[in-house]
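For reference, the structure discussed in these notes is given below.
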Amino acid sequence: MRLAARLLRNLSRPFSTTTIMHQLTPASLNPAVLNVEYAVRGELAIKAEDYRNKLKEEDHGLPFDRIISSNIGNPQQKGLDQPPITFVRQIAALMEYPALSTLAPSAFPPDVLARASELQHEIGSIGAYSHSQGVPFIRQNVAKFIAERDGFTQANPNKSYTDFSDPNAIFLTAGASSGVSLLLSMLIASQNDGILIPIPQYPLYTATIAQFQGKPIPYYLSSSTQAGWSTSVKDVREALQKAKDEGINPKALVVINPGNPTGSVLDRATMEDLVRVCEEHSLVLLADEVYQDNLHLRVKDPSVSFTSFKKVLHDLSSPASLISFHSTSKGVLGECGRRGGYFECTNISPEVLALIYKMVSVGLCPPLQGQIAVDTLVRPPQKGEESYSLWKEETDTIHKALAERTGVMSERLNKLEGVTCYPSPGALYLFPEITLSDKAVQTAKTKGKAPDAMYALELLDETGICVVPGSGFGQKQGVWHYRLTCLCPGVEEYVGKLEKFHKGWVERYGV
Ligand SMILES: Cc1ncc(COP(=O)(O)O)c(C=O)c1O
């Protein structure tokens with residue numbers, strides 16, 4: 001009966017021989033989408049996820065019993081389990097559920113209760129949209145942090161922090177990625193517009209440039225056993241000239257400092273030269289400084305400090321346009337899922353700021369929990385406050401673990417035949433270079449894989465360790481790498497597995 005009713009209903013619908021319904025296909029999408037590639041979550045990560053599911057079966061038959069996610073800088077991910085900083089979570093909890101301050105006051109130190117109450121007073125409910133640019137009070141705190149970090153406050157006790165960093169030129173974001181994406185979407189006006197990017201680079205840049213149909217202008221980073229990875233300003237200039245000769249219109253220069261995937265930290269002279277290049281060619285300097293708190297040398301020598309492009313611009317009295325990005329995902333907070341970050345605009349005209357404001361307001365506002373995390377990033381507990389000692393202990397422990405693991409890993413990997421692991425003084429990664437034999441390269445070719453992707457896949461198949469092949473970040477022709485993070489606990493077991501795998505690889509393919 002029901003079937004008959006449905007048939008009748010269908011027959012009674014207007015019938016046209018010309019209407020053929022087409023479902024969405026990739027070919028009907030914006031072609032730029034098809035060109036986007038993002039290796040950090042690519043083939044390797046997908047296969048690792050399949051293995052993770054298989055491991056739940058009793059008879060999984062895999063030669064390992066867990067997946068080690070060394071492919072992504074996601075410190076709190078299951079298996080990596082970097083503990084969140086208590087202060088950050090206490091503030092988040094009180095902002096989420098303010099009644100906790102009366103229901104469980106003893107669960108929170110007085111400074112946390114006071115801080116949360118201050119934020120509640122400024123923000124109100126975190127269920128409401130905020131100012132599109134981010135809560136003004138939090139932006140003020142970001143500006144104060146920048147002025148202090150860069151030594152302006154100390155050097156100019158009679159001046160206001162706003163003389164250095166203007167809260168109205170700061171935009172809070174859902175992680176650094178959304179800021180980068182917005183700025184690139186605004187900068188790329190035609191398919192001829194180019195963005196200078198380091199190679200190897202974090203694939204956010206190539207992916208976003210592809211999405212907005214601009215041209216990546218690669219400048220290659222150099223590597224040497226002594227100096228590690230470095231940026232040659234001569235190479236940047238050559239890349240710029242070559243692009244111009246090809247009719248490309250360079251709009252911006254991306255610098256990642258400390259570097260991903262290289263872990264390098266720029267020296268002051270190079271930073272100054274890069275600023276000069278931007279001045280000469282009217283390039284916007286996009287400074288990705290999300291790893292500014294990951295300086296491993298600081299563990300041994302607390303006087304080691306991060307130099308921001310903001311400071312360099314200020315010291316040079318440079319008129320160059322700068323946009324600097326920071327995030328709550330890295331450093332020791334590792335609050336990747338909370339999606340907090342900001343960008344600061346320097347030497348950007350009020351008209352352009354107004355347009356950036358217009359564009360961010362289309363998205364209404366960045367997530368409030370992300371904004372609150374930014375506040376804890378830029379306003380950690382101070383000496384004398386109740387939360388200080390625990391905060392210090394927790395952050396020191398993480399810095400120490402990251403530095404130690406980086407040291408152990410690079411030392412042991414460097415001893416392997418055909419592996420060169422350059423010093424990695426910052427960020428969360430090592431980027432060893434691997435010599436691959438002709439046999440390995442030919443075998444990879446027959447499998448339709450990049451040789452370092454084949455290395456990474458076999459590593460995953462044998463050990464459960466998931467890394468990202470260097471081809472996902474770009475590298476010089478015929479040079480092979482992989483990137484691994486320094487976030488995995490149990491470094492002895494982990495490096496032991498890497499060593500065993502590599503020796504087996506050398507037996508199979510030679511070097
Ligand atoms: C260099 C660099 N920039 C930006 C990001 C994006 O970070 P998020 O969007 O989580 O702030 C990452 C993430 O790994 C990164 O490595």
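In this text the structure is predicted, and so the values were computed from the model without any measurement. Counting starts at 1 for both ligands and their atoms, following the listed order.
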What I want to know is whether Ala176 and ligand 1 share at least one N or O pair that is separated by under 3.5 angstrom. yes
Within the 4.0 Å heavy-atom shell around Asp288, which atoms of ligand 1 are there? 1 (C), 2 (C), 3 (N), 4 (C)
Give the numbers and elements of all ligand 1 atoms closer than 4.0 Å to a heavy atom of Ile256. 1 (C)
Looking only at heavy atoms, which two atoms of Thr485 and Met409 are closest? And how far apart? O-CE, 3.3 Å
Counting only heavy atoms not in Tyr97, do more than 12 fall under 6.0 Å of its OH? no
Atoms of ligand 1, numbered as shown, that sit under 4.0 Å from any heavy atom of Ser327: 8 (P), 11 (O)
Classify the contact between Phe325 and ligand 1 as side chain, backbone, both or neither, using a heavy-atom distance cut-off of under 4.0 Å. neither
Sub-4.0 Å atoms of ligand 1 with respect to non-hydrogen atoms of Arg339: 8 (P), 9 (O), 10 (O)
Under 30°, 30 to 60°, or over 60°: which ring-plane class applies to Phe343 and Phe325, parallel, tilted or perpendicular? tilted
Could you tell me whether Ser329 approaches ligand 1 through its side chain, its backbone, both or neither, with non-hydrogen atoms closer than 4.0 Å? side chain
Lys NZ or Arg CZ of Lys310 over Phe164 ring: under 6.0 Å, within 45°: yes
Under a 3.5 Å threshold, yes or no: a donor from one side chain and an acceptor from the other, between Glu344 and Ser165? yes
Would you mind telling me which of Tyr494, Phe431, Tyr429 makes a side-chain contact (heavy atoms from CB on, under 4.5 Å) with Leu484? Tyr494
Please indicate whether any nitrogen or oxygen in Tyr205 is less than 3.5 Å from any nitrogen or oxygen in ligand 1. no
